[in-house]
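One structure below.
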Amino acid sequence: MIYLISENNNLLASSKYISINTSKSLELIDKCVLNEIQIDTETKGLCPHLNDLLTIQLGTKNNQFVFDLTTINYLELINFLNCSDKLFIAHNIKFDYKFLLSIEVKLKNVYCTQLAEQVINNGKEEPFNLASLTQKYLNISLNKDVRNDIIINGLTEKAVIYAAEDVKHLSLIKEKQLEKVNNDYIKHSVNYLETINLENEVVKVFSLMEFNGVTLDVEKWKTITDKVSESLFKVEKDLDESVKKEPKLNKYVPKEKQLNLFDFEERDLTINWKSSKQKLSILKDLGLNIKSTGAEILQKNKKYEIVKLLLEYNKLSKLNSSFGNNILDIINKKTNKIHPDYWQIVETGRISCKNPNLLNIPSKGELGPIIRSAFTSKKGYKWVGGDYSGMELAIIADLSKDDVWVSALNNGEDLHSKLCAATFNIPIDKVKEPFPFNPSLTYRDVQKTINFGIAYGMSEFKLSDRLNISKQEALDIINNFKNNVPTVSEFLEKLARYGLRKGFIITPPPFNRIRYFSDFNNYKLNETNEKIKGSIERKSYNTPIQGMNADIIKAALINVQKEIDENNWDAEILLSVYDEINTQCIEDKAEEWKVKLEEIMISTAKTYIKNVPIKADCYVNDFWKK
DNA sequence: CAATCGTGCGCG
DNA sequence: AAAGCGCGCACGATTG
């Protein structure tokens, strides 16, 4: 049965549903709903700050309630939602949650059928939109065409029925999903229910983060981007000039330009230095034997002036395009803040971010910290942020239980230096001396490359390339490394064997996040295909480590938000970048909050990583620091 | 002319 | 570029 709660006279007379008032409907809901209730919203657009919330639908399999917010007084409904301890089930709940925030509703318990589906089929190429799930699990086809109708025509009879339909099937879908989780547990001894719970908790934090947004100091940003484009322009001219001076590149200089002494144009060459193809052709004509124009290759040919300039040009060009004034167009007209879209689950369990991507804002080099400093806390508030240090190394130590790694971290030794001394068989006080095969690096630099690289399946090809040494030398170093930390090597190889045997890999307990390898079937068809095999092996190495890191940071976000809510901190989480959590807090509490934040980050990680110490460093500032 | 692909690089 | 993992974005080149 469909119930409509509306004051719209055009709708009230239909025989297809029953019209009742809010009190009566909430009474009914309380009576017929035991512990879970399905929820959905219809809105005038995608932005909770700019577009109105039109309806809220609550429902069970048998009864659906459509609240027409455009005509009723919904205070009572708000109160009901805020106080309810029931589990609210929705598909893509982050969307609805943000719109509920706009009318000051915060649901306590939620289950998102989309997130659950993503967890269950993580890595498989299966659709997870509502229509697909309804089809797949219940063999019912949903008609989604009416959605745009609501935006154009408002609530019609057809729309009421459609809106009700959306809160009819989610409970059953949830049931089927949990059945599948249970079956997988029986079949593979993998229980990723904990991951589903984690995602359903942390989605509330991501909703808040998106809703609250981040402040960008526009004037500061413009000053920086102006400086970048000015430098870019200069380097471009220098590049043009050096082409004109180089006889080998004569063909890029038009004849008439060569003779023209009174050239008043800004540029007289037509080379597009943004074009990889043109760059490659020019560098080849200059005499370089290269196959691509990536930074790593250019770095090795810096004896050419043009290459040096090109490296500088590429850097500035990247900053100018990817981190230029485009971002200003994304600033919300109403809040004057940036509200990015988080994608909550990528294959390893990490998040991603777009419109704009706040996970790759520059932090390195001369300009990085300046660029980040344009992200500020709001007036009267301090930016309180922090990050875990060496989390992935700690995870490797914790999971492998390798004596060398574990004891180094437990004794507060420098892991890179210690391993370095072992790999190269040199005294520990000599690790910062130049690496003989490539004196621009130290032994310790080389070891760092290995520690982060080998653990993810880096081969002698890449290592030799990276360090400018022969394949044999690289191979010797790798073997030496492996012999010195055999437990780490065994641990990683075990993961690779598991991945190749099962076609999926899981992150460590308690989360046991599963990741299927979509190319596993291709591997089974031809097990000698080293390309696919190698790829699965490397993903098997990397996923548990990167994934556990992601699981932990999500748990930390949940705990930080819990602390804010339970103890009424005047603070909010602004953004989380891999192993960073950034918040803002009212000025006079900021120092206290910093201590608390650090404490929560550390204690959260400690509940999952038990064999080695965990460090987090937090700070109080006026803006984002690196 | 729009859609898609390829290259390259920002972050961890 | 097959040969370290995970992303999103911009731009040029190609395709249809």
Side-chain angles (χ1 to χ4, degrees), chain A residues 122-123 271-281 290-299 310-311 313-327 330 340-365 367-368 371-372 387-393 396 448-466 471 474-475 478 492 495-496 499 505 515 517 529-550 553 575-580 624 626:
Chain A
N122 183 22
I271 297 169
N272 184 351
W273 293 104
K274 289 191 176 78
S275 159
S276 308
K277 214 184 158 184
Q278 292 182 38
K279 281 192 277 194
L280 189 61
S281 140
I290 54 176
K291 293 190 182 75
S292 110
T293 60
E296 216 161 338
I297 290 171
L298 296 189
Q299 209 65 39
L310 204 45
L311 273 164
Y313 177 87
N314 291 344
K315 269 265 183 288
L316 291 166
S317 163
K318 175 72 177 174
L319 294 180
N320 185 54
S321 62
S322 287
F323 307 101
N325 289 340
N326 290 356
I327 199 170
I330 305 179
D341 304 323
Y342 289 98
W343 185 250
Q344 206 175 302
I345 308 172
V346 304
E347 292 202 16
T348 56
R350 270 189 180 177
I351 60 166
S352 73
C353 180
K354 60 179 184 177
N355 301 325
N357 182 0
L358 293 184
L359 305 189
N360 72 344
I361 301 297
S363 69
K364 299 167 185 170
L367 289 168
I371 292 173
R372 283 209 171 184
D387 66 345
Y388 289 110
S389 57
M391 179 72 109
E392 293 205 341
L393 296 176
I396 292 170
K448 252 179 107 169
T449 303
I450 298 171
N451 287 350
F452 288 114
I454 302 300
Y456 305 136
M458 185 162 64
S459 68
E460 67 269 26
F461 294 89
K462 185 75 180 176
L463 189 64
S464 70
D465 201 55
R466 178 70 69 86
K471 306 257 185 306
L475 193 58
I478 292 173
L492 293 171
L495 290 175
I505 196 77
R515 178 193 187 178
F517 301 122
N529 186 332
E530 290 297 321
K531 186 179 160 188
I532 300 178
K533 188 180 174 196
S535 158
I536 291 179
E537 283 175 333
R538 291 191 300 276
K539 285 172 184 167
S540 301
Y541 292 154
N542 181 254
T543 303
I545 299 163
Q546 187 179 118
M548 186 177 187
N549 195 348
I553 197 97
L575 74 150
S576 172
V577 182
Y578 305 112
D579 41 23
E580 270 179 49
W624 193 8
K626 187 48 213 166

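Note on naming: letters A, B, ... go to the chains in the order of the sequence lines (proteins, then strands), and numbering restarts at 1 for each one. Small disclaimer: the values here were computed from a predicted structure and weren't measured.
OP1 or OP2 of C/dT14 lies within a sub-4.0 Å distance of a side-chain N or O belonging to A/Lys277. For C/dG4, the OP1/OP2 oxygens have no side-chain nitrogen or oxygen of A/Arg538 closer than 4.0 Å.
Remark: DNA chain C forms stems of 3 or more consecutive Watson-Crick or G-U wobble pairs, all pair distances under 3.5 Å, at B:1-12 with C:5-16.
Atom pair A/Lys274:NZ and C/dA13:C1' shows a separation of 16 Å (rounding to whole Å applied). Rounded to whole Å, the distance from CE on A/Met391 to C1' on C/dC5 is 17 Å. For the pair A/Asn326 CG and C/dA10 P, the computed distance is 5 Å after rounding to whole Å. Remark: P of C/dG6 and CD1 of A/Ile536 are 12 Å apart, rounded to the nearest angstrom. What separates CG of A/Leu492 from P of C/dC5 is a distance of 14 Å, to the nearest Å. Computed from coordinates, the A/Glu347 CD to C/dG4 C1' distance equals 16 Å when rounded to whole Å.
A/Gly453 comes within contact range of at least one nucleobase, with a heavy-atom separation under 4.0 Å. Residue-level contact check: A/Arg515 touches the backbone only, with heavy atoms under 4.0 Å from sugar-phosphate atoms and none from bases. Residue A/Asp465 is in base contact, counting any heavy-atom pair closer than 4.0 Å across all strands shown.
Residue ring and nucleobase are stacked for A/Phe461 and C/dA3, with a centre distance beneath 5.5 angstrom and an angle between planes beneath 30°.
Residue A/Ile297 is the one, among A/Val346 and A/Ile297, whose nearest nucleotide of DNA chain C lies closer to the 5' end (criterion: closest heavy atom).
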With the sugar-phosphate defined as primed atoms, P, OP1 and OP2, and the base as all remaining atoms, what B/S/- string results for nucleotides 4-12 of chain B, 5' to 3', for protein heavy atoms under 4.0 Å?
---SBBBBB
